[in-house]
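Okay, so here's the structure we're looking at.
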Amino acid sequence: GDSRNKDDDYATHQGETTLFYRIFPKLSVLGGGSYALTSREKPVFSDSKQYAGYGGFRYEVTEQLTGIVKIGALHKDFDAGDVDDTTQVYASGEVQASFSERSSLNLRLRRNIGETSLTDGTNAYGAYYVRTGFDAAMTYSCPALPNVLILGDVGYIRETYPADENDRSDDRVELGVGIDYKFLKYFTVGVKY
């Protein structure tokens, strides 16, 4: 809300597509990509475009257990001439386990690029950082209370700033717990902290 910090206002528009092709009853190969455009209020630090391409596979171990692996590259193209473009490895691994119709566990490892919201005057750490981490999300439906769904998640992300001369890195831990109550087929109310 501070007019002096209007440089930090930005919008990101992103689209992604993934195509699967089943080559065996339980194995599918996949390929895909994404495009993101980040535009900032003027005067800008730098607008940017991000391109990603990846390949991988999806394997259904059982009807309840599926694994997905994606690996590829991300390229971030900054409009400003004094900001170096970057190409980084993109990787994602996910395990999806379904215990029942409403109880499941998802584990995900990932590596991608985040864009800083830095202005011309505060660009000491560079225009982007690399995020590497994991997260786990659990949903559980108690048989005695079929309309109640218990939610929980945990995550850890390490953010490193390649352009920083002091080798800055930040560690972020995320924890969450919640509960949903299903009143009708398409009406659920919940709370999460």
Side-chain angles (χ1 to χ4, degrees), residues 1-2 4-14 16 18 32-41 44-54 56 65-78 80 82-97 104-140 150-180 190-193:
D2 188 337
R4 293 172 300 173
N5 293 331
K6 199 158 181 69
D7 294 4
D8 288 327
D9 294 344
Y10 68 95
T12 299
H13 308 278
Q14 182 171 354
E16 181 174 355
T18 302
S34 67
Y35 171 79
L37 172 65
T38 300
S39 57
R40 300 181 185 279
E41 295 289 327
V44 298
F45 173 65
S46 180
D47 290 345
S48 69
K49 298 173 191 71
Q50 179 175 296
Y51 308 90
Y54 52 81
L65 185 64
T66 302
I68 300 172
V69 173
K70 300 176 188 174
I71 191 157
L74 278 96
H75 177 74
K76 189 168 276 292
D77 182 12
F78 293 97
D82 60 342
V83 179
D84 292 335
D85 298 341
T86 185
T87 301
Q88 298 283 333
V89 171
Y90 167 81
S92 172
E94 185 171 354
V95 175
Q96 302 168 342
S104 64
L105 173 66
N106 280 12
L107 302 172
R108 185 171 57 163
L109 301 169
R110 64 178 185 256
R111 184 180 195 275
N112 56 25
I113 298 175
E115 182 150 340
T116 59
S117 57
L118 300 174
T119 65
D120 286 324
T122 60
N123 61 359
Y125 299 113
Y128 70 95
Y129 54 93
V130 178
R131 291 187 296 231
T132 306
F134 75 90
D135 58 70
M138 174 80 182
T139 59
Y140 177 72
I150 299 168
L151 313 167
D153 58 66
V154 61
Y156 168 78
I157 298 173
R158 183 164 184 89
E159 300 169 343
T160 57
Y161 294 75
D164 180 31
E165 296 174 359
N166 298 319
D167 294 327
R168 174 184 170 180
S169 63
D170 299 332
D171 296 313
R172 191 169 80 215
V173 176
E174 299 173 351
L175 300 170
V177 64
I179 189 166
D180 283 353
V191 62
K192 184 177 178 186
Y193 177 77

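The chain is numbered in sequence order, starting from 1. Remember, it's a predicted structure, so these values are computed and weren't measured experimentally.
- Under the 4.5 Å side-chain criterion, counting only non-hydrogen atoms from C-beta, Lys192 is in contact with Asp153.
- A donor-acceptor pair under 3.5 Å links the side-chain atoms of His75 to the main chain of Thr86, judged by distance alone.
- Listed by chain and residue number, nothing satisfies the ring pair (Phe, Tyr, Trp, His ring centres under 6.0 Å) test with Tyr156 (two or more places apart in sequence, or in another chain).
- Using a 4.5 Å heavy-atom threshold, the side chains of Arg110 and Ile157 count as touching.
- Residue Asp47 holds its CG atom at 8.0 Å from OG1 of Thr38, rounded to the nearest 0.5 Å.
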Test log, rule side-chain hydrogen bond (donor to acceptor under 3.5 Å, both in side chains), inputs Gln50 and Tyr128: CA-CA 11 Å; Gln50 179 175 296; Tyr128 70 95; over 6 Å; no
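- Here the CG-NZ distance, from Asp84 to Lys76, works out to 14.0 Å after rounding to the nearest 0.5 Å.
- Looking at residues two or more places apart in sequence or on another chain, you find no salt bridge (charged side-chain N to carboxylate O under 4.0 Å, His left out) involving Asp180.
- Although no hydrogens or angles enter the test, the distance criterion places a donor-acceptor pair under 3.5 Å between the side chain of Asp85 and the main chain of Phe78.
- Annotation: side chain of Gln96 is in contact with side chain of Ile68 (closest heavy-atom distance under 4.5 Å).
- Two residues are said to be in side-chain contact when any heavy atoms from C-beta on lie closer than 4.5 Å; Val130 and Arg111 meet this criterion.
- The structure places CZ of Arg131 at 7.0 Å from CZ of Arg172, a figure rounded to the nearest 0.5 Å.
- By the 4.0 Å N-to-carboxylate-O rule, Arg168 lies close enough to Asp170 to be salt-bridged with it.
- Smallest separation of non-hydrogen atoms from Ala97 and Asn106: N-OD1, 4.3 Å.
- Partners of Tyr51 by ring pair (Phe, Tyr, Trp, His ring centres under 6.0 Å), not counting sequence neighbours, listed by chain and number: Tyr35.
- Side-chain contact between Tyr90 and Lys70 is present, with at least one heavy-atom pair separated by less than 4.5 Å.
- Inter-residue side-chain proximity for Ile179 and Val191 is flagged as met; some heavy-atom pair is nearer than 4.5 Å.
- Side-chain N/O atoms of Ser169 and Arg158 include a donor and acceptor closer than 3.5 Å.
- Here Lys49 does not pair with Asp77 in a salt bridge; the nearest charged N to carboxylate O distance is not below 4.0 Å.
- A side-chain donor-acceptor contact under 3.5 Å links Tyr54 and Thr18.
- The side-chain heavy atoms of Thr87 and Leu74, taken from C-beta on, include no pair separated by under 4.5 Å.
- Note: Ser48 OG to Leu37 CG = 7.5 Å, rounded to the nearest 0.5 Å.
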Audit row: Ser104, Met138, side-chain contact (heavy atoms from CB on, under 4.5 Å) steps and yes/no: CA-CA 6 Å; Ser104 64; Met138 174 80 182; over 6 Å; no
